[in-house]
**Q** 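Attaching a single structure in structure tokens format; questions to follow.
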There are 2 protein chains.
Amino acid sequence: MKNETPTGGPRRDDLKLSAQLCFALYSTLLGVNKVYRKALKPLDLTYPQYLVMLVLWERDDVNVSDICAQLYLETTTLTPLLKRLEARGLLQRQRYAGDERQVRVTLTEAGKALRAQAEPIPMCVAQALGCSLDEIVTLRDQLKGLRANLFNAD
Amino acid sequence: MKNETPTGGPRRDDLKLSAQLCFALYSTLLGVNKVYRKALKPLDLTYPQYLVMLVLWERDDVNVSDICAQLYLETTTLTPLLKRLEARGLLQRQRYAGDERQVRVTLTEAGKALRAQAEPIPMCVAQALGCSLDEIVTLRDQLKGLRANLFNAD
DNA sequence: CCAATATATATCGCGTGCGATATTATTGCA
DNA sequence: TGCAATAATATCGCACGCGATATATATTGG
């Protein structure tokens, strides 16, 4: 027995738990965004914009789909976001000569300089999370597993 | 020693872990939305709209701020969402006679009837999550703790 | 070599999600 | 009582996030 109905599917309570986990994820992320919004206000960056900058600070000169893959986002989302960062002078977008379909994204000096200003962000976030390192690591790894399942579903 | 610097703050690696947890949350939720989008397509509901319907199916005739509190959303987000559901004929919004500031939300017959169509949703989601019950419960409860911290941070 | 196919990015439309602000109703206090 | 403070909801503007679709370039098969 355990968690199976006679036909092998999950029980009714199990289904509720899954829905509860999803809502916990949803509502917790609202809180994450709230904390990042406050922390990023001095930089005038949104959380997704900050994620893009993190990618570029780690490795400059990547194409759009590289960023998409790393951040689990669609080009549909990234193209306008990148254009906004370009308009602010933080990065440049230019067609790649070797393959004119690709657009290479590179940091400007202003984009590189912003990294220094972003230094206190992780500390703000760590303090807001306020939970133990062990818990953070476990949670992170469980979420990675969940994410893999969700993106592979169908 | 352990996880403290001489000044008592978190170490550099700890900060990275917090950021990694936040990104895991962010990207996992993208997957959750993806799964719900597909499951909810026959109902023509978004995930937040579905959450509102769940609230109302559980307890009808609530005011806007009740829903806000339950879903961790601002009225700014809910008002337009509720107006869309009202326009679709799933619910009604009317000022409460006892306190004209409040707006009471009640399900229409169509709104109640939609519940039957929503019955297979939790199963779709449970299958997509594809992890053990124990893990789901643990994750859910850890996230609740995290959420409380995040919403209480400053 | 050239047409069919695949790939990379962009455009459009719509629904969140929230900060700043406005509006109306209620409450509290002098 | 009357007026300031508070509360509940709404409006506006902007940035995601993605499905559907378009466009341009590259690749592949005949």
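Please read all numbers here as calculations on a predicted model, not as lab measurements. Throughout, protein chains are lettered first and strands after them, A, B, ... in sequence-line order, and every chain is numbered starting at 1.
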**Q** Is the closest side-chain heavy-atom distance between Leu51(A) and Phe23(B) below 4.5 Å?
**A**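 A side-chain contact under 4.5 Å exists here.
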**Q** Below 3.5 Å between N/O atoms, which protein atoms pair up with nucleotides 11-13 of chain C? Just atom names and distances, please.
**A**
| residue | atom | partner | partner atom | Å |
| --- | --- | --- | --- | --- |
| dT11(C) | OP2 | Lys83(A) | NZ | 3.0 |

**Q** Identify whether any heavy atom of Arg93(A) sits under 4.0 Å from a base atom; if not, whether one sits that close to sugar-phosphate; answer base, sugar-phosphate or nothing.
**A**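 It contacts sugar-phosphate atoms only.
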**Q** Under 3.5 Å, is there any donor-acceptor pair linking the side chain of Arg101(A) to the base of dT7(C)?
**A**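 Indeed, a donor on one side and an acceptor on the other fall under 3.5 Å apart.
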**Q** Heavy atoms under 4.0 Å, any strand shown: does Leu73(A) hit a base, just sugar-phosphate, or nothing?
**A**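 Sugar-phosphate, backbone atoms only, no base.
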**Q** Looking just at side-chain N and O atoms, do Asn63(B) and Ser65(B) make a donor-acceptor pair shorter than 3.5 Å?
**A**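 Ser65(B) and Asn63(B) do have a side-chain donor-acceptor pair below 3.5 Å.
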**Q** Side-chain contact, heavy-atom cut-off 4.5 Å: Tyr50(A) with Leu54(A)?
**A**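 Touching, per the 4.5 Å side-chain cut-off.
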**Q** If you take all heavy atoms of Leu82(A) and Leu91(A), which pair is closest and at what distance?
**A**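 For Leu82(A) versus Leu91(A), the nearest heavy atoms are O-CD1, 3.6 Å.
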**Q** Could you tell me whether Lys83(B) and Glu86(B) make a salt bridge, using a distance below 4.0 angstrom between a side-chain N and a carboxylate O?
**A**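 Glu86(B) and Lys83(B): not salt-bridged.
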**Q** Distance-only, no hydrogens or angles: does the Thr106(A) side chain make a donor-acceptor pair with backbone N or O of Asp61(A) under 3.5 Å?
**A**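 Checked: no pair found.
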**Q** To the nearest Å, give me how far apart OH (Tyr72(B)) and C1' (dG17(C)) are.
**A**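 Those two atoms, OH and C1', are 17 Å apart.
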**Q** Would you check if there is a donor-acceptor pair between the side chains of Gln20(B) and Arg140(A) at a distance under 3.5 Å?
**A**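 Their side chains do contain a donor-acceptor pair, which is all the 3.5 Å distance test asks for.
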**Q** For a quick test of reading the model, state the closest non-hydrogen atom pair linking Trp57(B) to Leu114(B) and the distance between them.
**A**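 Heavy atoms of Trp57(B) and Leu114(B) come nearest at CZ2-C, 3.7 Å.
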**Q** Please determine, for the side chain of Val103(B), which listed nucleotide (dT25(D), dA10(D), dC16(D)) has the closest atom?
**A**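 Looking only at heavy atoms from C-beta outward on Val103(B), the closest nucleotide is dA10(D).
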**Q** Hey, is the side chain of Arg95(A) poking within less than 4.0 Å of OP1 or OP2 on dA24(D), counting only N and O atoms?
**A**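 So the side chain of Arg95(A) is outside the cut-off, no N or O lying under 4.0 Å from OP1 or OP2 of dA24(D).
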**Q** Closest heavy-atom contact between Arg88(A) and Leu43(A)?
**A**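 In terms of heavy atoms, the two residues are closest at NH2-O, 3.3 Å.
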**Q** If I compare all heavy atoms of Leu146(A) with all of Cys131(B), which pair ends up nearest, and what's the gap?
**A**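 Here Leu146(A) and Cys131(B) meet closest at CD1-SG, 3.7 Å.
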**Q** Which residues within residues 21-43 of chain B lie with some heavy atom under 4.0 Å of an atom in DNA chain C?
**A**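 Hits under 4.0 Å, by residue number: none.
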**Q** When you measure from every atom of DNA chain D, which of residues 49-68 of chain B have a heavy atom less than 4.0 Å away?
**A**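 The answer is Asn63(B), Val64(B), Ser65(B).
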